[in-house]
S.K.: 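Submitted below is the structure of interest, expressed as structure tokens.
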There are 2 protein chains.
Amino acid sequence: MVDITQQMNACFAALADPTRRAVVEALARAPASVSDLHAPHNMALPTFMRHLSVLEKCGLVRSEKVGRVRTCFIEADPLLQVQGWMEWQRIVVEKQIESRDQIPFALDP
Amino acid sequence: MVDITQQMNACFAALADPTRRAVVEALARAPASVSDLHAPHNMALPTFMRHLSVLEKCGLVRSEKVGRVRTCFIEADPLLQVQGWMEWQRIVVEKQIESRDQIPFALDP
DNA sequence: CCGACACTTAGCCATTTTGCAAACCATGGT
DNA sequence: ACCATGGTTTGCAAAATGGCTAAGTGTCGG
């Protein structure tokens, strides 16, 4: 059983890197091999692999190796978790703004 | 003009810490002073201040000082940006899953 | 004017992250 | 069998992160 909080820590940390976000964007559309994913990124393969393993460790990506090719897939669950948290905050914030507009001087007693 | 990509990097990195997520959750509900925000967190104040400044630097939080009290507010824009990206990925992933279910052997030519 | 309160600055440390290069499997094609 | 392809492992250095303590600044209350 994985701690939800740590899952979120790891997912947000993973998504804090543009390379890794690009990988998520790619895998969201379709599964792909390591080399395919690596191709557009201007960095050494081992470096790129480390990015991939970060994504795997936080659960955003799963992968299986067949022959010498490793194919990567996106994993919906942690994505939904993060998206859910973001949306919840958005809703709460909107509620705050709304109530601030209705009672403009609520903070000045 | 702020680079969108770097804004995202910074926001995700900021949200990768549970203390900072807790602050965002608190500020989503209502503005608060530094000490109020600090109270529930078991860490030295300077340490906590650094978390706050991380949130400010990425734009998720704004603050103004009146007298000796600094009041913090959440900032909607970057939150919406991040939430938007998350939701977009969710939609794309759902589309992929859907199409995978409809054409089960699409990957075996 | 003096102390308490609310930060703020500065400096130190341990750990983690992010990049590289170089060498090393393992598989597939000819 | 052999070589190219596709990954993997290892080791290293620079930089960022997250925590602390100690000491400083500026306001308010009495």
S.K.: Salt-bridge test for A/Glu87 and A/Arg90: reply yes if a basic N is under 4.0 Å from a carboxylate O, no otherwise.
M.R.: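 A salt bridge is present here (some side-chain N lies under 4.0 Å from a carboxylate O).
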S.K.: Between atom OG of B/Ser33 and atom NZ of B/Lys65, what is the distance when rounded to the nearest 0.5 Å?
M.R.: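 The NZ atom of B/Lys65 is 12.0 Å from OG of B/Ser33, to the nearest 0.5 Å.
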S.K.: Can you confirm whether B/Leu27 sits close enough to B/Leu55 that some side-chain heavy atom of one is under 4.5 Å from a side-chain heavy atom of the other?
M.R.: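 They are not in contact (no side-chain heavy atoms under 4.5 Å apart), so the answer is no.
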S.K.: Would you indicate, yes or no, if D/dT8 has its OP1 or OP2 atom less than 4.0 angstrom from a side-chain nitrogen or oxygen of A/Lys65?
M.R.: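 For D/dT8, OP1/OP2 do have a side-chain N/O of A/Lys65 under 4.0 Å.
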S.K.: Please list, pair by pair, any protein nitrogen or oxygen found under 3.5 Å from a nitrogen or oxygen in nucleotides 14-18 of chain D.
M.R.:
| residue | atom | partner | partner atom | Å |
| --- | --- | --- | --- | --- |
| D/dG18 | OP1 | B/Arg20 | NH2 | 3.4 |
| D/dG18 | OP2 | B/Arg20 | NH1 | 3.0 |
| D/dG18 | N7 | B/Arg50 | NH2 | 2.5 |

S.K.: Do any side-chain nitrogens or oxygens of A/Arg68 fall under 4.0 Å of OP1 or OP2 in C/dC25?
M.R.: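 Checking A/Arg68 against C/dC25: no side-chain N or O falls below 4.0 Å of OP1 or OP2.
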S.K.: Do B/Val34 and B/Val54 sit in the same hydrophobic cluster, where Ile, Leu, Val, Met, Phe, Trp and Tyr count as joined when their side-chain heavy atoms come under 4.5 Å apart?
M.R.: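 No, B/Val34 and B/Val54 fall in different hydrophobic clusters.
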S.K.: Measure the distance from CE on A/Met49 to C1' on C/dT17 and round it to the nearest whole Å.
M.R.: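 Whole-Å distance recorded here is 17 Å.
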S.K.: Quickly work out the B/His38 NE2 to C/dT8 P distance and round it to whole Å.
M.R.: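 Value for this atom pair: 13 Å.
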S.K.: If you look only at pairs with a residue in residues 8-27 of chain B, which of them pass as a salt bridge (charged side-chain N to carboxylate O under 4.0 Å, His left out), with sequence neighbours excluded?
M.R.: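 Checked against salt bridge (charged side-chain N to carboxylate O under 4.0 Å, His left out) - neighbours excluded - no pair reaches residues 8-27 of chain B.
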S.K.: Between D/dG19 atom P and B/Leu52 atom CG, what is the distance in whole Å?
M.R.: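 Computing the B/Leu52:CG to D/dG19:P distance gives 13 Å.
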S.K.: From D/dG6, C/dT8, C/dC20, pick the nucleotide closest to the side chain of A/Ala44?
M.R.: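 The answer is C/dC20, which lies nearest to the side chain.
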S.K.: Measure CG/B/Leu45 against P/C/dC5 and give the value in whole Å, please.
M.R.: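 Whole-Å distance recorded here is 14 Å.
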S.K.: Near A/Gln6 CD, under 6.0 Å, is it more than 12 heavy atoms from other residues, nucleotides or ligands?
M.R.: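 Atom CD in A/Gln6 is not crowded, with 12 or fewer foreign heavy atoms closer than 6.0 Å.
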S.K.: Would you mind reading off the distance between A/Leu15 atom CG and C/dT18 atom P, rounded to a whole angstrom?
M.R.: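 After rounding, the gap between these two atoms is 12 Å.
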S.K.: Can you work out whether A/Gly67 or B/Ser33 has the more 5'-proximal nearest nucleotide on DNA chain C?
M.R.: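 By nearest-heavy-atom nucleotide position, the 5'-most residue is B/Ser33.
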S.K.: Return the 5'-most residue of the pair B/Ser35, A/Thr19 with respect to DNA chain C, ranking by each residue's nearest nucleotide.
M.R.: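 Upstream on the strand: B/Ser35.
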S.K.: For A/Asn42 and C/dT18, what is the distance between atoms CG and P respectively, to the nearest whole Å?
M.R.: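 Rounded to the whole Å, the gap is 17 Å.
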S.K.: Given atom CZ of A/Arg70 and atom C1' of C/dC25, what is their separation to the nearest angstrom?
M.R.: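 So the CZ-C1' distance, A/Arg70 to C/dC25, works out to 14 Å.
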S.K.: May I ask you to decide if the ring planes of B/His41 and B/Phe48 are parallel, tilted or perpendicular, using 30° and 60° as cut-offs?
M.R.: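 Judged by the thresholds at 30° and 60°, the geometry between B/His41 and B/Phe48 is parallel.
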S.K.: Roughly, in whole Å, what's the span from CD in B/Glu56 to C1' in C/dC7?
M.R.: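 Nearest whole value for this atom pair: 13 Å.
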